[in-house]
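For reference, the structure discussed in these notes is given below.
Everything numeric in this text was worked out from a predicted model, so none of it was measured.
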Amino acid sequence: MKRARVIYNPTSGRELFKKHLPEVLVRLEKAGYETSCHATTGHGDATEAAKLAVERRYDLVVAAGGDGTINEVVNGLAEQAYRPQLGVIPVGTTNDFARALDLPRDDILGCVDVIATGVPMPVDIGKANDQYFMNIAGGGKMTELSYEVPIKMKTMLGQLAYYLKGIEMLPSIRPTNVTIEYDGKIFEGEIMLFLVSLSNSVGGFEKLAPDSCMNDGMFDMIILKKANIADFIRIASLALRGEHVKDPLVIYTKANRVKVNTQEKMQLNLDGEYGGLLPGEFVNLYRHIDVIVAEKRKEIEMAKCQ
């Protein structure tokens, strides 16, 4: 019998997952997995739990939580000689990775059914210095709001908490002078933010990287040049429709290796969590982890990435 390890964040998504845990375990057992679980207790715990699952050679690791929990699990699996398949149950606030995989949201048991009946799909992950990310890396003041929003506020207000925090931060946003090297090219100048993306969904914007493919070995990189508040709001509204990529203040390109240097303080955001300070080098690890998705979703993604 195959073995599965469920690693879940008991505080994610209004604490709904633990209420469904008994049924989750039953459904995975019926799907042929001898299943056990681990409730995370703090920052970094999901990474250690995933490393232990690797050591014990589980066939499947299921990450249940927000993008931060999934990020920690991926950090425990990345670049290991043996890597279990990954199942995802999104119960966070934004759930960008699950959006990109077209997993059911607000449907815990629906996601379990995908894991039980789906197929493995290889996906790229990113390496940022000595850390890993599965969806997005970025820098700039606006990227910091994802981890500056208090947990209680996210629990009470969900996605609205980020919008409120963003409005609060707008007046304090200032450009940063950077040098960005990407696949033999160089950008130098003041920017509001940069994003290195592995999927189309970033911060709840499902068309932020409209040409993204999850397993082509390439990042989608977005640079927003120096802009005022009115520009920022205009470009954010364009991003809802995927039309921001044509704006003269936006650089949108593909690269599989990116270096960012700055003489000023700029924080690094990895999948919505604080990842230290720049400078940083970002490397795409091609088709590094197998994630369980619906068979139709795999067919669509693999055809797109040919």
Side-chain angles (χ1 to χ4, degrees), residues 1-10 12-13 15-41 45-67 69-92 95 97-125 132 134-135 199 214-215 285 287-303:
M1 180 178 281
K2 295 181 292 185
R3 294 186 303 141
R5 184 68 160 170
V6 178
I7 301 171
Y8 72 96
N9 182 348
S12 285
E15 305 182 0
L16 288 176
F17 181 79
K18 57 187 176 183
K19 298 176 183 177
H20 291 278
L21 181 58
E23 193 167 357
V24 169
L25 297 177
V26 167
R27 291 197 183 196
L28 288 173
E29 293 275 353
K30 287 182 177 179
Y33 290 97
E34 181 183 301
T35 309
S36 59
C37 62
H38 173 85
T40 60
T41 56
D45 188 51
T47 296
E48 295 306 312
K51 287 179 179 178
L52 187 59
V54 168
E55 182 182 318
R56 294 179 177 176
R57 298 187 74 83
Y58 278 86
D59 299 280
L60 172 70
V61 170
V62 177
D67 287 323
T69 301
I70 300 167
N71 169 276
E72 287 196 14
V73 170
V74 166
N75 270 266
L77 303 180
E79 296 198 289
Q80 300 283 354
Y82 169 78
R83 294 187 290 276
Q85 294 178 348
L86 176 64
V88 174
I89 301 177
V91 286
N95 301 314
F97 193 54
R99 288 173 189 266
L101 295 171
D102 201 24
L103 293 174
R105 298 192 299 279
D106 301 319
D107 186 359
I108 290 169
L109 298 180
C111 287
V112 178
D113 289 341
V114 170
I115 294 169
T117 64
V119 294
M121 180 179 76
V123 299
D124 303 341
I125 68 169
Y132 304 90
M134 80 286 169
N135 198 63
S199 84
M214 299 186 75
N215 50 28
L285 301 183
R287 298 190 176 184
H288 193 72
I289 288 179
D290 286 340
V291 182
I292 305 297
V293 298
E295 187 171 2
K296 185 65 176 178
R297 180 67 186 87
K298 179 179 179 178
E299 291 175 2
I300 293 170
E301 190 69 25
M302 298 302 285

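Residue Ile89 holds its CD1 atom at 4.5 Å from CZ of Phe17, rounded to the nearest 0.5 Å. Here Leu109 contributes atom CG and Glu23 contributes atom CD; the two are 4.5 Å apart, rounded to the nearest 0.5 Å. The distance from the SG atom of Cys37 to the CG atom of Leu21 is 4.5 Å, given to the nearest 0.5 Å. Taken to the nearest 0.5 Å, the CD1 atom of Ile125 stands 4.5 Å off from the CD1 atom of Ile289. Here the straight-line distance linking atom CG of Asp106 with atom SG of Cys111 works out to 9.5 Å at 0.5 Å rounding. The distance from the CD1 atom of Ile292 to the CG atom of Leu101 is 11.0 Å, given to the nearest 0.5 Å.
Side chain of Asn9 to main chain of Thr40: no donor-acceptor pair is present (N/O by atom type, distance under 3.5 Å, no hydrogens or angles). One N or O on the side chain of Arg287 and one on the backbone of Asn215 form a donor-acceptor pair closer than 3.5 Å. Counting only distance, with no hydrogens or angles, the side chain of Thr47 and the backbone of Glu72 share a donor-acceptor pair below 3.5 Å. Within the 3.5 Å criterion, the main-chain N or O of Leu52 finds no donor-acceptor partner in the side chain of Arg5. Of the possible donor and acceptor atoms, one in the side chain of Arg83 sits under 3.5 Å from a partner among the backbone N and O of Gln80.
Val293 pairs in a side-chain contact (heavy atoms from CB on, under 4.5 Å) with only one of the listed residues (Glu299, Glu301, Lys298), which is Lys298.
Of all non-hydrogen atoms in Ile70 and Gly65, the two that sit nearest each other are CD1-O, 4.3 Å. The minimum heavy-atom distance linking Phe97 with Asp67 is given by the pair N-OD1, 3.3 Å. Of all non-hydrogen atoms in Val73 and Ala50, the two that sit nearest each other are O-CB, 3.5 Å. Residues Arg57 and Arg3 share a closest heavy-atom pair of O-NH2, 3.4 Å. Closest approach of Thr69 to Ser12, counting heavy atoms only: OG1-OG, 4.1 Å. In this structure, Leu77 and Pro84 approach most closely via the heavy-atom pair CD2-CD, 3.8 Å.
Asp113 is linked by a salt bridge (charged side-chain N to carboxylate O under 4.0 Å, His left out) to Arg27, counting only residues two or more places apart in sequence or in another chain.
Heavy-atom contacts from other residues, nucleotides or ligands closer than 6.0 Å to CG of Asp107 number more than 12. Counting heavy atoms of neighbouring residues, nucleotides and ligands inside a 6.0 Å radius, atom CD of Glu29 exceeds 12 of them.
Lys19 has its side chain out of reach of Ile108: every pair of non-hydrogen atoms, C-beta onward, lies at least 4.5 Å apart. Taking the side chain as every heavy atom from C-beta outward, Tyr132 and Glu79 approach each other to under 4.5 Å. Considering only heavy atoms from C-beta on, Leu16 stays 4.5 Å or farther from Val91 through its side chain.
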Exercise for the section: Test Leu60 against Gln85 for side chain to side chain contact (heavy atoms under 4.5 Å, CB included), laying out the working first. Expected result: CA-CA 5 Å; Leu60 172 70; Gln85 294 178 348; 4.2 Å; yes
Practice task
Test Asn75 against Asn71 for side-chain hydrogen bond (donor to acceptor under 3.5 Å, both in side chains), laying out the working first.
Solution key: CA-CA 6 Å; Asn75 270 266; Asn71 169 276; 3.3 Å; yes
